[in-house]
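Heads up, the thing below is written out as structure tokens.
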Amino acid sequence: MDILMVGGILLLLMMVLLSGGVWIAMTLAICGWVGQAFFTTTQPGKNLFSAFWESNASWELAALPLFIWMGEILFRTKLSEEMFEGLSPWLNRIPGRLMHTTILGCGIFGSVSGSSAATCATISQVALPELVKRGYSEKIALGSLATAGTLGILIPPSITMVVYAVAADASIIRIFLAGFLPGFLLMALFSGYIIWWALRNPALQPPPDQPTTFMQKLHKSRNLIPCGALIVFVCWVLIAGYATATECAAYGVAGSLGLALWSRSLTWQNFKDGLMGTTRTSCMIMFILAGASFLTKTMAFTGIPRELAEWVDHMHLSPFALIFVLTIVYLILGTALDGISMIVLTSAVVLPMIQKAGFDLIWFGIFIILLVEIAEVTPPVGFNLFVLQNMTGKDSNTIARAAIPFFGCLVVCIVLITVFPQIVTSLPNLVMGVEK
């Protein structure tokens, strides 16, 4: 049977199972099992166990539950409320006001965690209840959190960047430097859309607070000092090289517990509730990761990603036509694969094509990471959609519809870095010199 037809059958099966209410992780695992059992000569049972073990037995993944626990502590104590109180007077004159905290929070936290799942889960836990309580539109909050959560893989350090650098035999430091300006550009686009939406829909947000003097703003900003100091400390120990991302997550948890004790808002009950919430969210994410890992093995055994890449190669396209077709191919792959798997399974065929077309490999790394970000919010297997679905109880399609305008911002960012590649290459060239 034609390999691309096999991919179509598995995609159809996935959509039927998801629409029937089957658990997301189980859907991914079932599709992986069917693919291996009927379309390959491998042993699906053996691969199932190895995929589940390999996807979760990771030191780097230990950062995920720790960062989620940090968010739970901030959410269940009064620390998150104090943080919003401190930010409110400074954002009072900007259309959208506190809605911008989702973008800023995801940008800052993404630089620490390096994971879109951890960023989305942690910032959602802190920001969403506060925004809804204050009368902001839940739809816009969900859409911004789903897409801004992907900043965790664009703003360095990022695990996905490291995987690409290894696959492309490129400098990891150059890739890290190349991610900063596109990351800031994307944050500006997200905030720009929020400003535009707020100006058109003033009734869907609370009225502005009374104007305050500069001294009153400073007085209220004392509430920012505890959480701000914690975030700065966690970022500093990571950037300075004193700790790994997992160790930073442990510092974050210890710091959050210390601040909650200091503010006398930590009780035995909310400590217990925080642990249970962390366990539920972490298990959900890890179960989905395991199912996705098994489906990735199936994709590798069937050869679907390689077949797609070779099909593009045989078309002999012009450079920009090649980029356009690769965008479509990666968007299709993103409906069923996680970002790292997309890169690993296609790099051997795609990277030589990119070099032959005259594109910079560092630029292409950021380009493909932006496509991975789009995959994170693309049904049926948009990972951030699943995270928010579990945390809010909203249907993933509802969250996907809320994310459509911010999805458009991602597309605009891709177009801008394609037309103006200097957005990506200027900072690495400035810091490290032009690569020869």
Side-chain angles (χ1 to χ4, degrees), residues 1-56 116-117 120-121 142 146 149 280-305 307-308 328-342 345 372 374-404 407:
M1 186 181 291
D2 182 76
I3 290 177
L4 296 182
M5 187 180 292
V6 172
I9 292 170
L10 294 180
L11 183 60
L12 178 63
L13 174 63
M14 184 185 303
M15 295 178 73
V16 169
L17 292 172
L18 286 173
S19 61
V22 179
W23 285 1
I24 297 156
M26 291 298 295
T27 295
L28 298 175
I30 290 168
C31 289
W33 183 283
V34 169
Q36 290 191 34
F38 293 98
F39 303 114
T40 72
T41 57
T42 59
Q43 299 177 7
K46 181 179 178 182
N47 290 323
L48 176 67
F49 288 114
S50 66
F52 271 52
W53 172 257
E54 290 164 7
S55 63
N56 287 296
S116 66
C120 185
L142 285 171
R280 281 192 297 270
T281 304
S282 301
C283 288
M284 178 273 298
I285 292 174
M286 289 181 176
F287 195 18
I288 293 173
L289 278 174
S293 176
F294 183 51
L295 181 59
T296 296
K297 280 184 178 287
T298 301
M299 291 290 184
F301 285 130
T302 57
I304 293 171
E307 181 77 10
L308 275 172
I328 303 299
V329 168
Y330 277 112
L331 290 180
I332 293 170
L333 289 176
T335 62
L337 291 176
D338 65 280
I340 290 176
S341 303
M342 285 163 58
L345 294 176
V372 169
I374 288 179
E376 297 281 359
V377 289
T378 304
V381 193
F383 204 82
N384 282 10
L385 303 180
F386 296 155
V387 171
L388 280 174
Q389 178 182 352
N390 180 75
M391 299 184 71
T392 63
K394 303 285 183 183
D395 181 73
S396 62
N397 290 325
T398 301
I399 300 168
R401 283 193 293 272
I404 287 173
F407 183 99

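Screening residues 281-305 for salt bridge (Lys or Arg N to Asp or Glu O under 4.0 Å) gives Glu54-Lys297 as the qualifying pairs, with residues at least two apart or on separate chains. The salt bridge (Lys or Arg N to Asp or Glu O under 4.0 Å) pairs that include a residue from residues 16-45 number zero, where partners must be two or more places apart or lie in different chains.
Of the inter-residue distances, the one linking Ile404 atom CD1 with Ile399 atom CD1 reads 13.0 Å to the nearest 0.5 angstrom. Rounded to the nearest 0.5 Å, atoms CZ (Phe39) and CD1 (Ile9) are 4.0 Å apart. A distance of 6.5 Å separates CZ of Phe294 from CH2 of Trp33, quoted to the nearest 0.5 Å. Between Leu10 atom CG and Ile30 atom CD1 the span is 12.5 Å, to the nearest 0.5 Å.
With sequence neighbours excluded, no residue satisfies side-chain hydrogen bond (donor to acceptor under 3.5 Å, both in side chains) with Thr27. In this structure Thr398 satisfies the side-chain contact (heavy atoms from CB on, under 4.5 Å) test together with Asp395, Arg401, sequence neighbours excluded.
The two residues Leu17 and Cys31 make their nearest non-hydrogen contact at CD1-SG, 4.3 Å.
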